[in-house]
4 protein chains.
Amino acid sequence: MARPINEEKRQERRSRILEEAVVLFAENGYSNTTTALIAQGVGVTPGTIFQYFPSKEALFYAAVLEPLADIQAKSLACLKQEGTPSELIKNMVEEQFNHIYCYTNELRLVQYVLGQRIRFPELTQKVLESTKVMTDTIECVYAKGQLMGEFNKSFSPAMISRAYISLLNGVGLTLGKNIIHHPEWGNLKEHALYLFAPTQPKEKAREFE
Amino acid sequence: MARPINEEKRQERRSRILEEAVVLFAENGYSNTTTALIAQGVGVTPGTIFQYFPSKEALFYAAVLEPLADIQAKSLACLKQEGTPSELIKNMVEEQFNHIYCYTNELRLVQYVLGQRIRFPELTQKVLESTKVMTDTIECVYAKGQLMGEFNKSFSPAMISRAYISLLNGVGLTLGKNIIHHPEWGNLKEHALYLFAPTQPKEKAREFE
Amino acid sequence: MARPINEEKRQERRSRILEEAVVLFAENGYSNTTTALIAQGVGVTPGTIFQYFPSKEALFYAAVLEPLADIQAKSLACLKQEGTPSELIKNMVEEQFNHIYCYTNELRLVQYVLGQRIRFPELTQKVLESTKVMTDTIECVYAKGQLMGEFNKSFSPAMISRAYISLLNGVGLTLGKNIIHHPEWGNLKEHALYLFAPTQPKEKAREFE
Amino acid sequence: MARPINEEKRQERRSRILEEAVVLFAENGYSNTTTALIAQGVGVTPGTIFQYFPSKEALFYAAVLEPLADIQAKSLACLKQEGTPSELIKNMVEEQFNHIYCYTNELRLVQYVLGQRIRFPELTQKVLESTKVMTDTIECVYAKGQLMGEFNKSFSPAMISRAYISLLNGVGLTLGKNIIHHPEWGNLKEHALYLFAPTQPKEKAREFE
DNA sequence: TATGAATGAGTGTTCATTCAT
DNA sequence: GATGAATGAACACTCATTCAT
């Protein structure tokens, strides 16, 4: 009987540690983040960390992969709802550009890993696999959209999905904390959609002309 | 009395150290790169590094900023040649997408810094200043191009330049060593140009249809 | 939860480190004393030192100032007891000449600092402040003694206190480990008292004549 | 023919190095003084030092012993002039108290060595031998003075000479750069003489009463 | 289960000394 | 003779990890 409650507490504390780890690893990098600092942020003593994660490395892995899985799941969910391909893509772009804001640190961490592939080969591998699922799904939806005449047929779906993911990553990287409040933020999001070359962005386009 | 011009030799060795530093910092991050490793890579003993750079930090600064200045200079040169705005932009895109390949490590290093702004505030500042010069110049050329009817007038130049820089960064980040040989590489480069919404990509577009 | 009172153990170990540091700093100087050597002397590993003192410099400061405070307190106590000024001075001289023996290293350390004022400006400052309290008190007691006719009125108290402190320091410096067993030790101590020019050292003086 | 001139230049430069070394060793201690700093002070390059002294240690030895020999010679000369013992002693005190001012650094260096006997056993040995010559001579003169009735016969010459040397050392140590301008400086010098317990300081003493 | 003191290998940096020029 | 770049051993300090309490 006592167990379930304890188990709950354990999970809660584990989450707190992970949360703190994400922030600190993202801000300071792996080596420059001490386990003691993470512990301090969580409000526990240095030894405690090692009761939840076998090593600093394991904690880092979890800090990178667990949030990524969450984010991917949400993004994929957008593409698996009901709706025309162009609607799905639009929803996904919307969702992901919001992620950039909500999950800044989580995404930075992923980029941090991708930037140092040789250093973190195993993690890079997993992150790329996860990204591949994403691009594959986008490609699939996009190709369907092309067939339905919703997207310009002259572009290769593989290229389009890569270009979009690149833009998404680049936006997170180049823009600072206050992206959302940037005057160009809304336009940038729309331009991400433009990248997909939808066939009728006419109504929109006219407004500006 | 005074030794002749070994100033030349000094510069040469300094460059060798910087070069090695760029590679190792980019691959392993700041803390995980030991000065001894850099020295070893160059083929000198640990102490020698400090005859050329006062500290590891100073070496890192130089490794980030000096190549960046080079790259920026080359990119800006493209935009200041003779030609119509659309030609200039096209040249720049061409030039920069090649940079991604030649200067992989140099660019990764810049992204590494931007990913950890709190950790490297001074460097971030300088990198952003450097980037601003770039985006400002692009904006300027782009606006001129819009007036001349070469680009779609419905997009804000500020947004366009940001979107392009983001894409550029994202491409460097998401794609691996062998980008150039990737089947989609050529298409991706063209799509970067498409992002600028030129008004006559017609001839091209037709080919694929 | 919180461990009980190992505060006691901490203090004990801190004292052991300080003690060892005093000995080694006094014998070898600051730079030539490695923290590893101190650790070894205490019987702990190098890292442990830094759990008790934030830096080698801080340890040095403590090694200089803490014992000095102790010694000063004991000396001042002599001058604040009941008794005529000449009795107080006599007690103090007695007490301090014994200190030279017991606290050889502690005093050497103080002299080491005073000898390198430019190198240790902050410490010098504090040591001089501490010394000033001592000379001021001696002056005060001495002046009272002069008024009561116990000391020769022709000498300035400020000069006398300085001369005494100088002699005391010089004795510590010039004489070696085995001062106490030196045949002139007893006489030297008495001569320190003679320096104060008491008006009735007659009985004593006669003995020798 | 060319040789003598070069030899002269060599000696001059050697002296300059030694001079600079005395100042820096006295101010910063042995380990904290780099040979490069000495070289810089002299205005030569690091390697040059080693053309005049085989090692840093040898330079230190010379910096301690050579000036000491000078000072001792001058002091001893005072005691070997014509005159009554009390006159000789008086001259010597005068001479030495001036040394404290002129040779601050040279004397500090000697005290620095004496404070770290275990670290510099050989040097300590030589310094003590040199000091012994001094105290022995003083004892000798003092004893003669006692026989002639110039000094109080109740004090042991051995003790008196030690007390004086101690005071001398202590004065150099406790007082700062501006001793000479200190209001008590003159009185202090006189009190050093008082320490010898001359039999007719009466005229002086009366003045103050 | 949490604690937090101890560990000890690892890193940036310094510096006396050498030696080719 | 003077130079000054290179050397490489040494040291202060850090930090992931352990373990007795």
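Below, chain A is the first sequence line, B the second, and so on; all start at residue 1. Basis for what follows: all heavy atoms, side chains included, without hydrogens, waters or symmetry-related copies.
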For [X], what residues pass the side-chain hydrogen bond (donor to acceptor under 3.5 Å, both in side chains) criterion, not counting sequence neighbours?
X         : answer
Tyr52(D)  : none
Tyr30(B)  : none
Thr124(A) : none
Gln125(B) : Glu129(B)

Roughly how many Å is it from [atom1] in [X] to [atom2] in [N], rounded to a whole number?
X        : N       : atom1 : atom2 : value
Glu12(B) : dA5(F)  : CD    : P     : 15 Å
Asn28(C) : dC11(F) : CG    : C1'   : 15 Å
Ile17(C) : dA5(E)  : CD1   : P     : 12 Å
Phe25(C) : dA12(F) : CZ    : C1'   : 11 Å
Ile49(D) : dA2(F)  : CD1   : P     : 11 Å
Phe60(A) : dA16(F) : CZ    : P     : 13 Å
Gln40(B) : dG8(F)  : CD    : P     : 13 Å
Glu8(D)  : dG1(F)  : CD    : P     : 16 Å

Sugar-phosphate or base contact per nucleotide [nucleotides 9-16 of chain E; S, B, -; heavy atom under 4.0 Å]: --SSBBSS
Salt bridge (Lys or Arg N to Asp or Glu O under 4.0 Å) partners for Glu106(D), two or more places apart: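 Glu106(D): no salt bridge (Lys or Arg N to Asp or Glu O under 4.0 Å) contacts found.
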Contacts of type salt bridge (Lys or Arg N to Asp or Glu O under 4.0 Å), residue Arg14(B), not counting sequence neighbours: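 Salt bridge (Lys or Arg N to Asp or Glu O under 4.0 Å) list for Arg14(B), sorted by chain: Glu66(B).
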Secondary-structure notation, DNA chain E, from Watson-Crick and G-U pairs under 3.5 angstrom (| other strand): .||||||||||||||||||||
Phe60(B) and Phe25(B) aromatic ring geometry - parallel, tilted or perpendicular at 30°/60° bounds: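 Phe25(B) and Phe60(B): perpendicular rings.
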Looking at [X], I'd like to know whether one of its side-chain N or O atoms comes within less than 4.0 Å of OP1 or OP2 on [N].
X        : N      : answer
Tyr52(C) : dA6(E) : yes
Thr48(C) : dT7(E) : yes
Arg13(D) : dA2(F) : yes
Thr45(B) : dA6(F) : no

Pairing residues for Ala58(A) by the side chain to side chain contact (heavy atoms under 4.5 Å, CB included) criterion, not counting sequence neighbours: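 By the side chain to side chain contact (heavy atoms under 4.5 Å, CB included) rule, Ala58(A) matches Pro54(A), Ser55(A).
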Pairing of Arg16(C) and Glu12(C) as salt bridge, 4.0 angstrom limit: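 Salt bridge absent between Arg16(C) and Glu12(C).
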